[in-house]
Participant: 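This is the structure, below, for whatever I ask next.
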Amino acid sequence: MQTCWLVSGDSRHEPIALPDGTTVVVGRCRLTRIKDTRCSRQQISVQAMYSKRVVLIKQLGVNPTSIETVELGHHGEAELRPGQTLHVVNASYPMHVEFRGPASPPPSTLASASASASALAPAPTTSPSGRPSHLPKRAWHSPSGSDSQAGSIRKFLKFVGGKDRAKDNSPSVSPTKGNAQKSPTGQRGQPAHWSQSLRDAMDDPSVQIFRDDQVVVILDKFPKARHHWLVLPWRFVANVGVLRADHLPLLRHMHDVAERLSRQVQPLGAATAPPTFRLGYHAIPSMSRIHMHVISQDFDSPRLKTKKHWNSFTTGYFIDSEVVMRMVEEDGRVVIPEDTAELLKKPLQCHMCHREISTIPKLKEHLGTHKL
DNA sequence: GTTCTAGAAC
DNA sequence: GTTCTAGAAC
């Protein structure tokens, strides 16, 4: 399948998906992570034309957008080609366009489902492979001016049986509309508590990387590693504590989907190994309804800030999916030890070499030495 | 879950 | 003085 991506020249943001013929509006928004007020929230519109392998850029904002050194002018348009540098505003925020892969139909329903994830997972700029590796955005809600982006990502999703289930979500809702109606208030018109927000996120197509009739996989809103996703079943299951034997088929399916998706992630560069992942559950989760974390073990993320974050993924607080399944299989349930909450307060320890490290910044520096 | 910030640690 | 953490508030 051919894909097109708007890639940051300074690694400011993750690649932005540009579906064929679809206008995507970006500027000072979460997609680009540009906070500079000289940049309009809707600075440029971007439209990829796959047949010509060019991207049409239109300057919507007042301050200058340029391709190479040529300014487009207010409401001016120009074509951006692979190899050229686009500066979003005032000769800053370089981006370029990457077309990847020839069009190829998915070989099976399973592969089709996986293809949807890979379509949303482009390689970073450093990858010469041109194959998927990074994910496009982390917002739970469409940023300003990016409705077309949400729609375009929906188009990228091909679902089992070839049906666009993003528009016809049999287990729950019509995604975009559903969000508008539910957020930010709950059923009784009261503000929804933060711990309930996963339910809304499940229906947000802009963060979905996979869905089928049993589960949906979404980008974690505050990723603690380069790749951090949540696998959520449509069927309501409160937490690991309520799991019983009849949940086993679902748990296995969640595990299988997570494994399949994580295997598709490509290495950062040609010389590096593909990322390793852990699949598992927080013993005492903050967020309502069961969710499996799928997290790459680089822990390279500005969102990883506290001892609690670290220990929740590197101590017994994080229970591997396989362990959960085995406990349910053998003991009929998952038993959480009484002192589990205390694990979050443990001294910081490198998950690779087990060295104790005094502060989070030093830990992050140390992680760099492991070349994860 | 995050953000904010007082005060501890350096 | 600055950095960093932990707990309150949301």
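Every chain is numbered from 1 and lettered A, B, ... according to where its sequence line falls, protein lines coming before strand lines. What you see below is based on every heavy atom in this structure, not just the backbone, and it leaves out hydrogens, waters and symmetry mates.
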Participant: At less than 4.0 Å, is any side-chain N or O atom of A:His309 found next to OP1 or OP2 of B:dT2? Yes or no.
Facilitator: yes
Participant: With hydrophobic residues grouped by side-chain heavy-atom distances under 4.5 Å, do A:Ile67 and A:Phe99 end up in a single group?
Facilitator: yes
Participant: Do A:His228 and A:Phe313 have their ring centres less than 6.0 Å from each other?
Facilitator: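 Yes, close enough.
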Participant: Applying side chain to side chain contact (heavy atoms under 4.5 Å, CB included), name anything that partners A:Pro94, two or more places apart in sequence or on another chain.
Facilitator: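 Expected list: A:Asp10, A:Thr85, A:His87.
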Participant: Do A:Asp298 and A:Ser296 have side-chain N/O donor and acceptor atoms under 3.5 Å apart?
Facilitator: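 Judged by distance alone, the side chains do pair up.
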Participant: How long is the line joining CH2 of A:Trp310 and C1' of B:dG1, in whole Å?
Facilitator: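 About 19 Å, once rounded to whole Å.
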Participant: Between protein and nucleotides 3-10 of chain C, map the contacts as a letter string: B base, S sugar-phosphate only, - none, heavy atoms under 4.0 Å, written 5' to 3'.
Facilitator: -SSS---B
Participant: Are A:Phe299 and A:His351 an aromatic pair by the rule of ring centers under 6.0 Å?
Facilitator: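 Aromatic pair counts; centres sit under 6.0 Å.
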